[in-house]
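In what follows, a structure is listed as structure tokens, so that the remarks can point back to it.
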Amino acid sequence: MKKSRVAVVGATGMVGQRLLVLLENHPYFDVVKLAASKNSAGKKYGELMQNKWKIDNKMPEFTKNMIVEDAMEVEAVSKDIDMIFCAVNLDKKELVALEEAYAKQEVVVVSNNSANRMKADVPMIIPEINAHHLEIVDVQRKRLGTKKGFIVVKPNCSIQSYVPVFAALKEFGIKEASICTYQAISGSGKTFEEWPEMVGNIIPYIGGEEEKSEIEPLKIFGHIEDGEIKLDDKMKFSAQCIRVPVLDGHLACVSFNLEKNPGKDVLIEKIKNFKSEITDLPLAPKEFLHYYEENDRPQPILDRDNEKGMQITVGRLREDNLFDYKFVGLSHNTLRGAAGGAVLTAELIKKLGYLD
């Protein structure tokens, strides 16, 4: 397989750093360009990031002498590029314009940003669940006036700790769910050194998270009709999102009702036996969902790194006094929920021929 030439736009942030680590020596992709804000442009990446590297993995050697380009110079960054990974921090209107500008340069855009997520012709993908939503790409290309370029997004990091469980149980009809997510500080792009106020503290609000947590699952489980992805209107979600003093790993406590109740044992077996067809991609976990029988699992520090941080772990599924059932789910927010999810989606796009 011929490798595709890719750029990381937003290479200086935490998600950008994760992307570079995951893309080092990747069998499908060669990172040939890095882009960031105008203030970073023109500098060698290694020198620029000397005191800004935030994650435990070492900075990839191949990046150190690369000259960072200005992300706003869309035509220049797009030249001789097949795909960009976009993880820049801009307001919604600016992001929509920027990502569409790259797509119109006939570049495939894999976005970590939320700006385009709810557009009806933009697929929002968890590869193991709704890869078929990529079929909407032809509609989007007509809107953008492109032959190859389009935008695909990955969903919010917090929903990945519970939506895959609902995918395993979907045949029984998810009616409604009450969700509380306990979210790691790396979800804000920060470390404890940068955010000392989080040490020993909890903040019961994360801007925009609750709205995303309630509506994005409806798109994941939606269907394509009349040239758009229609939201699933049979489910209702209520979410609270809380920042907790954990570095990595979003944990969700979920109570839910079913249209058909097959019993606890059947539900647990469905989770344990849930199979995905997306197993032959480089970053795809061999076991997408793992159910723990122990009462004190999953835990971020023990379980977030399973399968290179790409596995969803689940435990404590049991009857509930107000709802039918409840469970605890966990995902690695900067791997499965951000950079890893983006790379896996890009691998899927590559394998399906969208970069040809």
Closest heavy-atom contact between [X] and [Y]?
X: I67; Y: K44; answer: CD1-CG, 3.6 Å
X: S255; Y: D320; answer: OG-OD1, 3.7 Å
X: V122; Y: I229; answer: O-CD1, 3.9 Å
X: V199; Y: F192; answer: CG2-CD2, 3.8 Å
X: G227; Y: V139; answer: O-CG1, 3.4 Å

Under 4.0 Å between a side-chain nitrogen and a carboxylate oxygen: does that hold for [X] and [Y]?
X: E106; Y: K147; answer: no
X: E99; Y: K119; answer: no
X: D82; Y: K148; answer: yes
X: D265; Y: K270; answer: no
X: D30; Y: K3; answer: yes

Should we say atom [atom1] of [X] is surrounded by more than 12 heavy atoms from elsewhere, each under 6.0 Å from it?
X: E197; atom1: CD; result: yes
X: Y182; atom1: OH; result: no
X: E269; atom1: CD; result: yes
X: Q240; atom1: CD; result: no
X: N57; atom1: CG; result: yes

Side chains of [X] and [Y], heavy atoms from C-beta outward: is any pair under 4.5 Å?
X: K64; Y: M49; answer: no
X: T12; Y: K52; answer: no
X: I312; Y: R336; answer: yes
X: Q17; Y: M59; answer: no
X: K38; Y: M72; answer: no
X: L34; Y: L20; answer: yes
X: I159; Y: S161; answer: no
X: K308; Y: L335; answer: no

- Message: Checking Y325 against N261: is there a side-chain donor and acceptor pair closer than 3.5 Å?
- Response: yes
- Query: With distance as the sole criterion, is a donor-acceptor pair present between the side chains of S158 and N333 under 3.5 Å?
  - Reply: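 No, no side-chain donor-acceptor contact under 3.5 Å.
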Is there a donor-acceptor contact under 3.5 Å from the side chain of [X] to the main chain of [Y]?
X: E307; Y: K286; result: yes
X: R117; Y: K154; result: yes
X: Y28; Y: P282; result: no
X: S213; Y: E209; result: yes
X: D232; Y: K234; result: yes
X: K326; Y: R318; result: no
X: S276; Y: I278; result: yes
X: K260; Y: E171; result: yes

- Item | For A120, side chain to side chain contact (heavy atoms under 4.5 Å, CB included) partners two or more places apart |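 So A120 forms a side chain to side chain contact (heavy atoms under 4.5 Å, CB included) with E228.
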- Not counting sequence neighbours, which residues clear side chain to side chain contact (heavy atoms under 4.5 Å, CB included) with D226? List them please.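 Listed in chain order: nothing, the list is empty.
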- Message: Below 30° counts as parallel, above 60° as perpendicular, anything between as tilted: where do the rings of F166 and F237 land?
- Response: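 The arrangement is tilted - the two ring planes meet at 30° to 60°.
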- Task: Any ring-ring contact (aromatic ring centres under 6.0 Å, His included) involving residues 328-356? Give me the pairs, sequence neighbours left out, ordered by first then second residue.
- Result: F150-Y354
- Task: Please name the residue in the list S114, S111, P123 that meets the side-chain contact (heavy atoms from CB on, under 4.5 Å) test with V153.
- Result: S111
- Item | Pairs flagged by salt bridge (Lys or Arg N to Asp or Glu O under 4.0 Å) wherever residues 129-145 is involved - sequence neighbours left out |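 Non-adjacent pairs meeting salt bridge (Lys or Arg N to Asp or Glu O under 4.0 Å): E100-R143, D121-R143, D138-R141.
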- State which residues pass ring pair (Phe, Tyr, Trp, His ring centres under 6.0 Å) with H133; sequence neighbours excluded, sorted by chain then number.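 Per chain and number, H133 pairs via ring pair (Phe, Tyr, Trp, His ring centres under 6.0 Å) with no residue.
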- Query: Residues in salt bridge (Lys or Arg N to Asp or Glu O under 4.0 Å) with K219, at least two apart?
  - Reply: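 Here no residue qualifies.
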